[in-house]
Q: 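I'd like to ask some things about the structure below.
Letters A, B, ... mirror the listed sequences (proteins, then strands); counts begin at 1.
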2 protein chains.
Amino acid sequence: MDKVKTYKSDAFAAIHETMSGMYDAGVIGKKTMRQFDEACLTPVQAFSPTEIKALREREEVSQTVFALYMNVSKDSVSQWERGIKKPAGPTLKLLSLVKQKGLAAIS
Amino acid sequence: MDKVKTYKSDAFAAIHETMSGMYDAGVIGKKTMRQFDEACLTPVQAFSPTEIKALREREEVSQTVFALYMNVSKDSVSQWERGIKKPAGPTLKLLSLVKQKGLAAIS
DNA sequence: TTTTAATATCGAACCAAGTTCTATATCTTT
DNA sequence: AAAGATATAGAACTTGGTTCGATATTAAAA
């Protein structure tokens with residue numbers, strides 16, 4: 001698969017554990033801890049209807065299957081792709097994960 | 001991190017690609033394809049307020065940091081843990097991913 | 001000590017995402 | 001010809017997620 005992304009995740013996890021240890025030991029404060037986590041997070045951007053459809057077709061799945069992965073109804077996926085409903089919050093997070101890591105990342 | 005889970009994901013991805021190839025070649029139908037995908041998906045169960053708080057504390061992050069990972073407001077996390085709002089759909093999917101693979105899975 | 005900042009609870013109000021339903025249409029499969 | 005998968009369309013409903021202000025505790029910095 002994508003070794004780079006997997007490596008990055010593992011590295012972040014390892015660093016996070018180290019940082020957590022430093023936090024437990026009182027070396028750093030909670031403020032530093034939060035700022036670190038913010039820097040680690042992959043940015044979550046907006047998706048246009050076309051981008052959502054293109055993303056789904058890139059993964060070669062039907063709206064129904066895509067909906068199963070996202071844990072939403074098939075109608076919701078249809079409405080996203082037609083611009084009737086605009087995904088936000090947790091939904092955008094999932095879409096971002098799929099875009100950056102593929103469907104397998106949320107399987 | 002967790003080699004077993006990583007392996008499972010990679011294996012599923014590989015099998016999925018194989019299945020996709022079979023589908024493209026006309027060996028299998030869409031129905032079989034969907035049933036396969038359903039079998040691959042990790043089950044998404046409900047979370048009680050206590051379970052959400054325990055999960056967050058297991059990951060050793062504040063409500064604010066946890067909210068950043070989930071791409072929701074910090075108030076939402078607080079409301080989940082107090083039982084005022086019950087996460088559903090995409091949110092439950094993210095919580096399930098965190099429970100099974102850790103916060104790094106959605107970073 | 002004082003004060004600043006982070007953390008978390010509480011209650012209220014608003015908006016829109018997500019759900020559900022029915023109907024229609026196309027295409028493939030049996 | 002029939003059955004099923006896929007996708008669009010529109011409508012009504014429910015509730016999750018957001019935002020705001022206020023309060024309280026704790027830890028860090030002045």
Q: Can you measure A:F66 atom CZ to D:dA7 atom P for me and round it to whole angstrom units?
A: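 That distance rounds to 12 Å.
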Q: OP1 or OP2 of D:dA7 less than 4.0 angstrom from a side-chain nitrogen or oxygen of A:S78, does that happen here?
A: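 The answer is no; no side-chain N or O of A:S78 sits under 4.0 Å from OP1 or OP2.
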Q: Let me confirm one number: the CD1-OG distance from B:I106 to A:S96, rounded to the nearest 0.5 Å.
A: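 One finds 11.5 Å between CD1 of B:I106 and OG of A:S96.
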Q: Starting at atom CZ of B:R82, determine the distance to atom P of D:dT23, rounded to an integer number of angstrom.
A: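 Atom-to-atom, B:R82 to D:dT23, this comes out as 16 Å.
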Q: Calculate the interatomic distance between B:I52 atom CD1 and D:dG16 atom C1'; express it in whole Å.
A: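 Nearest whole value for this atom pair: 12 Å.
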Q: Identify, between B:G89 and B:K53, the residue whose nearest nucleotide on DNA chain C lies closer to the 5' end.
A: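 In this pair, the answer is B:K53.
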Q: What is the separation between atom NZ on A:K86 and atom C1' on C:dC15, rounded to the nearest whole Å?
A: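 After rounding, the reported distance stands at 14 Å.
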Q: Which is true for A:K74 with a 4.0 Å heavy-atom rule: it touches a base, it touches only sugar-phosphate, or it touches nothing?
A: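 Since no nucleic acid heavy atom lies under 4.0 Å of A:K74, the category is nothing.
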Q: Could you check whether any side-chain heavy atom of B:N71 comes within less than 4.5 Å of a side-chain heavy atom of A:L94, counting everything from C-beta outward?
A: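 They are not in side-chain contact.
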Q: Please report, rounded to the nearest Å, how far the P atom of C:dT7 is from the CD atom of B:E81.
A: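 Roughly 13 Å, once rounded to whole Å.
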Q: Using a cut-off of less than 4.0 Å, is there contact between a side-chain N or O of B:R56 and OP1 or OP2 of C:dA8?
A: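 So the side-chain polar atoms of B:R56 do come within 4.0 Å of the phosphate oxygens OP1 or OP2 of C:dA8, strictly under.
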Q: In whole angstrom, what separates A:K85's NZ from D:dC13's P?
A: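 Interatomic distance, NZ of A:K85 to P of D:dC13: 14 Å.
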Q: Of all the heavy-atom pairs spanning B:S107 and A:K101, show the shortest one and how long it is.
A: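 Closest heavy-atom pair between B:S107 and A:K101: O-NZ, 3.4 Å.
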Q: Would you kindly compare B:D75 and B:I84 by the position of their nearest DNA chain D nucleotide and give the one closer to the 5′ end?
A: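 Here B:I84 is the residue nearer the 5' end.
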Q: Is there side-chain contact between A:L103 and A:F66, with heavy atoms separated by less than 4.5 Å?
A: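 The answer is yes; the side chains approach within 4.5 Å.
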Q: Does B:Q63 put a side-chain nitrogen or oxygen below 4.0 Å from OP1 or OP2 of C:dT9?
A: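 Result: yes.
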Q: Do you know which of B:E81, B:K53, B:Q79 makes side-chain hydrogen bond (donor to acceptor under 3.5 Å, both in side chains) with B:Q63?
A: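 So, applying the side-chain hydrogen bond (donor to acceptor under 3.5 Å, both in side chains) to B:Q63 and each of B:E81, B:K53, B:Q79, only B:E81 qualifies.
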Q: State whether B:T91 places a side-chain N or O below 4.0 Å from either non-bridging phosphate oxygen (OP1 or OP2) of D:dG17.
A: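 For D:dG17, OP1 or OP2 has a side-chain N or O of B:T91 closer than 4.0 Å.
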Q: From C-beta outward on A:Q79, which listed nucleotide comes closest to its side chain: C:dC10, C:dT20, D:dG16?
A: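 When the side chain of A:Q79 is considered, C:dT20 is the closest of C:dC10, C:dT20, D:dG16.
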Q: If I take atom CG in residue A:N71 and atom C1' in nucleotide C:dA17, what distance separates them, rounded to the nearest angstrom?
A: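 Value for this atom pair: 14 Å.
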Q: To the nearest Å, give me how far apart CH2 (A:W80) and P (C:dA17) are.
A: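 Computing the A:W80:CH2 to C:dA17:P distance gives 11 Å.
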Q: Has B:S73 got a side-chain N or O lying under 4.0 Å from the OP1 or OP2 atom of D:dG17?
A: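 For B:S73, the contact criterion (side-chain N or O under 4.0 Å from OP1 or OP2 of D:dG17) is not met.
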